[in-house]
Amino acid sequence: MEPEYLYNRLTVHFLEQLQNQKISSMVRKSIQPYKELMSYYSCAMMEVEMKFKVLSEELSMRDDRNPIESIRTRLKTPESIREKMVRKGCPLTVESIEENLHDIAGVRVICSFPSDIYTLADALLKQDDVRLIEKKDYIKHPKANGYRSLHLIVEIPIFLHDHKKTMKVEVQLRTISMDWWASLEHTIRYKKDLPDSDFIEKELNECAEMGAAMDARMERLYGMVWEGNRDL
């Protein structure tokens, strides 16, 4: 094989490698800010989750029962973020994502009774490092389809190694029956080409009403038992 041919091949290979490295470097540089933003949201989500765990511990000792059945957290996927940003007509930049999306980090708190929802929400919002951005009460004012939940958008600080940053987190508070209904409603609606959609809408709404009535009855029963034990 001719030395000149070998030299040319090596030169081409070197240039290809150099180009690949440049492309990789560009990709890393473009992805890094997004990864950092997601890590900030993850930290904020953990902060809010811990706040509810502390409240749960305190209220469990005070009332001799746990007002929180479970706590779930979630970060929106890149696909979901992109889809929502496109739908809003916003540019796909880190700055735009942080400014226009308030539900990237989510904490869902499942409570025993409706009153627990408001007790926990009030306790959270009284904390001096929590700022309420938005509140939507779908319990007092259910959606047309019957959906019930209390939604809060809060802003809290996270403390990094060299600075403090405020981040937004969506908090949803529901009872067990509200969560059960929302989960099954989502499963049912995921089916395509639903027959008799008016009938299904009516049935879903009636189920939501039944769940709300059951919540109210169970809370009344608990109140009766608790008051009776206190008088003993």
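As the structure is a prediction and not an experimental result, all values here were calculated from the model.
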Flag yes if [X] and [Y] sit in one hydrophobic cluster, no otherwise; membership is Ile, Leu, Val, Met, Phe, Trp, Tyr, and two members link when side-chain heavy atoms are under 4.5 Å apart.
| X | Y | result |
| --- | --- | --- |
| Met50 | Leu152 | no |
| Val94 | Val169 | yes |
| Leu132 | Val171 | yes |
| Ile110 | Met218 | no |
| Tyr34 | Met45 | yes |

Inset, instruction - Verify side-chain contact (heavy atoms from CB on, under 4.5 Å) between Val107 and Gln172, making sure each step is shown before the conclusion. - result: CA-CA 6 Å; Val107 176; Gln172 296 179 356; over 6 Å; no
Output all residues satisfying side chain to side chain contact (heavy atoms under 4.5 Å, CB included) with [X], sequence neighbours left out; order by chain, then residue number.
| X | result |
| --- | --- |
| Glu57 | none |
| Ala212 | Arg148 |
| Ser60 | Ser56, Asn66, Pro67 |
| Cys207 | Trp181 |

Inset, instruction - Taking ring-ring contact (aromatic ring centres under 6.0 Å, His included) as the test, write out the residues that go with Tyr118, two or more places apart. - result: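 Once residues adjacent in sequence are excluded, Tyr118 has no partner under the ring-ring contact (aromatic ring centres under 6.0 Å, His included) criterion.
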[atom1]-[atom2] distance between [X] and [Y], expressed to the nearest 0.5 angstrom:
| X | Y | atom1 | atom2 | result |
| --- | --- | --- | --- | --- |
| Ile156 | Lys164 | CD1 | NZ | 11.5 Å |
| Thr175 | Leu150 | OG1 | CG | 11.5 Å |
| Leu75 | Tyr41 | CG | OH | 9.5 Å |
| Ser149 | Met178 | OG | CE | 7.5 Å |
| Cys43 | Phe159 | SG | CZ | 12.0 Å |
| Met85 | Lys76 | CE | NZ | 12.0 Å |

Do [X] and [Y] have side chains that approach each other closer than 4.5 Å (heavy atoms only, starting at C-beta)?
| X | Y | result |
| --- | --- | --- |
| Leu120 | Leu59 | yes |
| Phe113 | Thr119 | no |
| Tyr40 | Leu160 | yes |
| Val54 | Glu58 | no |
| Val154 | Ile133 | no |

Salt-bridge present ([X], [Y]; N to O < 4.0 Å):
| X | Y | result |
| --- | --- | --- |
| Lys168 | Glu99 | no |
| Glu49 | Arg108 | no |
| Asp116 | Arg174 | no |

Inset, instruction - Check whether more than 12 heavy atoms from other residues, nucleotides or ligands sit under 6.0 Å from atom CE of Met38, and answer yes or no. - result: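 Yes, the 6.0 Å shell around CE holds more than 12 heavy atoms from other groups.
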Legend entry - Shortest non-hydrogen contact between Ile200 and Ile188, atoms and distance: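 That would be CG2-CG2, 4.3 Å.
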Inset, instruction - Using only heavy-atom distances, determine whether the side chains of Glu201 and Asn145 contain a donor-acceptor pair under 3.5 Å. - result: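 No.
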Inset, instruction - Can you tell me which residue pairs pass the salt bridge (charged side-chain N to carboxylate O under 4.0 Å, His left out) test with a partner in residues 211-223, sequence neighbours excluded? - result: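 Non-adjacent pairs meeting salt bridge (charged side-chain N to carboxylate O under 4.0 Å, His left out): zero.
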Considering residues at least two apart in sequence or located in another chain, which fulfil the salt bridge (Lys or Arg N to Asp or Glu O under 4.0 Å) criterion with [X]?
| X | value |
| --- | --- |
| Arg82 | none |
| Lys84 | Asp103 |
| Arg62 | none |
| Glu69 | none |

Inset, instruction - Cation-pi check, Lys143 to Tyr147: give yes when NZ or CZ is under 6.0 Å from the six-membered ring centre and within 45° of the ring axis, no otherwise. - result: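 Judged by the rule (NZ or CZ under 6.0 Å from the ring centre, within 45° of its axis), Lys143 counts as positioned above Tyr147.
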Inset, instruction - Would you please test Leu101 and Lys88 for side-chain contact (heavy atoms from CB on, under 4.5 Å) and show each step? - result: CA-CA 10 Å; Leu101 294 189; Lys88 283 173 167 277; 3.8 Å; yes
Inset, instruction - For Val48 and Thr73, run side-chain contact (heavy atoms from CB on, under 4.5 Å): C-alpha distance rounded to whole Å, both residues' side-chain angles, the deciding distance at 0.1 Å, then the answer. - result: CA-CA 10 Å; Val48 173; Thr73 59; over 6 Å; no
Inset, instruction - Output yes when a side-chain donor or acceptor of Ser42 lies under 3.5 Å from a complementary backbone atom of Ser39, and no otherwise. - result: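 Judged by distance alone, no pair lies under 3.5 Å.
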Inset, instruction - For Ser96 and Pro91, indicate whether the former's side chain and the latter's backbone hold a donor-acceptor pair under 3.5 Å. - result: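 Between the backbone of Pro91 and the side chain of Ser96 there is a qualifying donor-acceptor contact (under 3.5 Å).
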Legend entry - Counterpart residues, side chain to side chain donor-acceptor pair (under 3.5 Å), relative to Arg72 (two or more places apart):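 Checked Arg72 against side chain to side chain donor-acceptor pair (under 3.5 Å); matches are Asp179.
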Inset, instruction - Test side-chain contact (heavy atoms from CB on, under 4.5 Å) on Ile104 and Ile81 and set out the steps. - result: CA-CA 8 Å; Ile104 291 177; Ile81 290 171; 4.3 Å; yes
Inset, instruction - Apply salt bridge (Lys or Arg N to Asp or Glu O under 4.0 Å) to the pair Arg74 and Glu170, showing each step before the final yes or no. - result: CA-CA 10 Å; Arg74 67 104 183 95; Glu170 182 189 47; 3.4 Å; yes
Inset, instruction - Hey, could you give me each pair passing side chain to side chain donor-acceptor pair (under 3.5 Å) that has a residue in residues 122-135? Not counting sequence neighbours. - result: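 The answer is Lys51-Gln127, Lys51-Asp129, Arg131-Glu155.
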